[in-house]
Amino acid sequence: MIVEQHSKFFTGELSKDLKAIKQEIGYNFDVRFHEFNIGSTDTRAVIIFVEGLSDKELIEKHILKSLIPPISANPKHRKKDLLSVDYIKNYIHSLIEVKEVKTMEELVPEVLIGSAALLVDRASTVLMLDTVKGKTRDLREPPSEEAIRGPRIGFTENLNDNSALLRQSGKNEKLSLVKHEVGVRSRKNLVVAYITDIVDPELVKEVNKRIKKIDIDNVMESGFVEQLIEDNYLSPFPQVQNTERPDRVMAALMEGRVAILLAGTPFALIVPVTFSMMLQAPEDYYDRWIAGSLIRLLRFFAAFISLFGPSLYIAFISFHPGLIPTELAITVLGTRAGVPFPSIIEALIMEISIEILREAGLRLPKPIGQTIGIVGALIVGEAAVRAGIVSPMMVIVVAITAISSFALPQYSIGISLRILRFGAMIFASMLGLFGVVLFFLLLCSHFVQLKSFGVPYASPFVPYRFSDWKDLLVRMPIKTMKRRPRMLHTKDSIRKK
């Protein structure tokens, strides 16, 4: 019998305990209550599990048919009074992991994630059997972070698989995986990963503190965790990095960062992060340093074009045509002859069209989506030019800007720059180059104030740390990268002797 609503302890009276459990769980069709006698004894028992989540074959063949009769076959346990829960627990423990629970609050969540509960008459403790059925998919390379060179394995939705992938990256007894539970009405397991002899203890403390503050009905995906623990939710910049690649997570842990893995999603989170991290790809380190550095510089240039490409065009054409070569200015102004709109309207028409096409391409099935994206862009651009709505030069500028945004390795930073691009265009349409510079200064003022778990987002630009520049604009040879980033205040700063 459940004593009262706030202290739901089991009493050992099977019928009353069972009734209370049914009331708590509800009469759901997939929750099975299988009643039986233990062997040839008079002792009644009930096993409760959720069909589909629990391993039914394990329950029926190994627990009910193969396990219980041998217990009662033992002459010592023919008498029902001697068939204790402790004996059953020890017996079952040789086949499956078992633990005891005494309250309803402990039992219900375990049953609803796939464990089986074994209630024995006249026992005030319930045995929870680890019968969770493993459901997972094949390990494959994450489509959002494909690399030419590197491991072809990505995280899955199974938290145990993801933890195992981190363990398999190399024998490391200092790799710590600490489990939490998040969510109020629907609880999920969450793991905080770090290397104990590298990471700053204050950083781990801060991460745990923010995770414990999560108070929401359901954490659907790691994006919820990201938004609930980030420093400034009003900032357009992502302050937490998400990735599906175990090698990227391990590299971050080895630098002294902390990773967060959530059950039900292949996206792991890395904290703290800086802006420069968003423009780095795993291949930067797998290729030789010259190739890695050149590609990284190209990405910084692509980020600049992605942010300021259309705004610089608007500023030069509308306010400062004298700053571009005369022949080029004549050509560009000639292509705009007959266009009824100012350059800002042209840019907005094309940019919004591209964003709609990009969104449509993502939502449609993959084969159709790619076709719609390419064909749609060609048709819209060609038709808009023929109709005299936009100039050919504007189509070229918008196309180069869109391609530049695709060159960024992190989808989240690409979205941020796309949003900020519209702000830069509006400033350029009002003040020309002065507007672009003003927007850049406003952006920098926000940029230098932003932090990610205590680490300046603009680091190592601001505050200036020359030693950390070895892995910033260019990636220096690995032989020269002997120390971990100073900004992370790691216990062990030496990476290579």
Side-chain angles (χ1 to χ4, degrees), residues 141-150 154 222-223 226 230 235-245 247-249 251-252 267-287 291-313 347 350-352 354-359 361-362 369-370 373-374 377 396-425 439-440 443-444 446-447 450 452 457-461 471-475:
E141 188 171 18
S144 62
E145 292 179 276
E146 290 182 353
I148 296 172
R149 183 173 180 175
S222 59
E226 177 181 344
E230 64 184 355
S235 174
F237 293 105
Q239 297 136 59
V240 178
Q241 188 177 41
N242 64 76
T243 179
E244 292 185 76
R245 296 186 66 93
D247 57 333
R248 189 190 281 268
V249 170
F267 287 92
L269 305 177
I270 296 172
V271 293
V273 296
T274 60
F275 177 75
S276 60
M277 276 180 69
M278 299 294 177
L279 301 181
Q280 296 173 1
E283 293 153 306
D284 294 358
Y285 303 92
Y286 301 151
D287 285 324
S293 298
L294 287 175
I295 292 172
R296 184 178 293 181
L297 283 172
L298 199 64
R299 282 196 217 104
F300 273 93
F301 181 68
F304 178 81
I305 294 295
S306 175
L307 179 57
F308 290 114
S311 58
L312 287 175
Y313 175 79
M350 287 308 298
E351 284 291 343
I352 292 172
I354 290 289
E355 293 299 327
I356 292 172
L357 282 171
R358 192 196 316 249
E359 218 28 51
L362 286 174
Q370 289 177 343
I374 297 168
I396 294 172
V397 170
V398 171
I400 292 174
T401 305
I403 293 169
S404 298
S405 67
F406 293 144
L408 304 180
Q410 284 282 306
Y411 183 72
S412 54
I413 195 66
I415 291 179
S416 300
L417 296 184
R418 281 157 55 190
I419 295 168
L420 291 169
R421 186 190 306 154
F422 286 93
M425 286 161 52
F439 181 78
F440 179 71
L443 203 60
C444 286
H446 168 69
F447 197 60
L450 195 60
S452 172
Y457 197 63
S459 183
F461 291 111
D471 192 20
L472 182 59
L473 295 173
V474 297
R475 200 273 288 168

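Any value given below was found using the heavy atoms of this structure, including those in side chains, with hydrogens, waters and symmetry copies removed.
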>> I'd like to check the side-chain hydrogen bond (donor to acceptor under 3.5 Å, both in side chains) partners of Glu283; sequence neighbours left out, ordered by chain and number.
In response: none
> Any salt bridge (Lys or Arg N to Asp or Glu O under 4.0 Å) pairs touching residues 397-412, not counting sequence neighbours?
Replying inline: none
> To the nearest 0.5 Å, what is the distance between CG (Leu298) and OG (Ser293)?
Replying inline: 12.5 Å
> Which heavy-atom pair separates Asp471 from Gln280 by the least distance, and what is that distance?
Replying inline: O-NE2, 3.2 Å
>> Please list all pairs meeting side chain to side chain donor-acceptor pair (under 3.5 Å) that have one or both residues in residues 408-422, counting only residues at least two apart or in different chains.
In response: Ser306-Arg421, Glu351-Arg421, Glu355-Arg418
> By side chain to side chain contact (heavy atoms under 4.5 Å, CB included), which residues pair with Pro282, not counting sequence neighbours?
Replying inline: Arg245, Asp247, Arg248, Tyr286
> Which pairs pass side chain to side chain donor-acceptor pair (under 3.5 Å) with one or both residues in residues 269-278, sequence neighbours excluded?
Replying inline: Thr274-Ser276
> Taking all atoms of both residues into account, what is the closest heavy-atom pair of Val240 and Ile270, and its distance?
Replying inline: CG1-O, 3.7 Å
> Among Phe301, Phe308, Phe300, whose ring-ring contact (aromatic ring centres under 6.0 Å, His included) with Phe304 holds?
Replying inline: Phe308
> Who pairs with Arg299 by salt bridge (Lys or Arg N to Asp or Glu O under 4.0 Å), at least two apart in sequence or on another chain?
Replying inline: Asp284
> Sequence neighbours excluded, which residues qualify as ring-ring contact (aromatic ring centres under 6.0 Å, His included) partners of Phe267?
Replying inline: none
> Judged by atom type as modelled, is there a donor-acceptor pair below 3.5 Å linking the side chain of Arg475 to the main-chain atoms of Asp287?
Replying inline: yes
> What are the two closest heavy atoms between Pro142 and Glu244, and how far apart are they?
Replying inline: CB-CB, 3.4 Å
>> Once side chain to side chain contact (heavy atoms under 4.5 Å, CB included) is applied, do any residues pair with Phe237, and if so which ones, sequence neighbours excluded?
In response: Ser235, Phe275, Ile413, Leu420, Leu443, His446, Phe447, Leu450, Tyr457
>> Suppose the criterion is salt bridge (Lys or Arg N to Asp or Glu O under 4.0 Å): which pairs have a residue in residues 401-414, not counting sequence neighbours?
In response: none
> Quick one: CG on Leu279 to CG on Leu297, what's the gap to the nearest 0.5 Å?
Replying inline: 11.0 Å
All N/O donor-acceptor pairs, side-chain side in residues 398-408, below 3.5 Å, sequence neighbours left out:
{"unit_1": "Thr401", "atom_1": "OG1", "unit_2": "Val397", "atom_2": "O", "d": "2.7"}
{"unit_1": "Ser404", "atom_1": "OG", "unit_2": "Ile400", "atom_2": "O", "d": "2.8"}
{"unit_1": "Ser405", "atom_1": "OG", "unit_2": "Ala402", "atom_2": "O", "d": "2.6"}

>> Donor-acceptor pair, distance only, cut-off 3.5 Å: does the side chain of Glu145 make one with the backbone of Gly154?
In response: no
>> Can you give me the closest heavy-atom contact between Ala347 and Met425, atom names plus distance?
In response: CB-CE, 3.6 Å
> Residues in ring-ring contact (aromatic ring centres under 6.0 Å, His included) with Tyr313, at least two apart?
Replying inline: none
>> Atom CZ of residue position Phe440 - does it have more than 12 heavy atoms of other residues, nucleotides or ligands inside 6.0 Å?
In response: no
> Mind checking what makes side chain to side chain contact (heavy atoms under 4.5 Å, CB included) contact with Ile419, not counting sequence neighbours?
Replying inline: Ile415
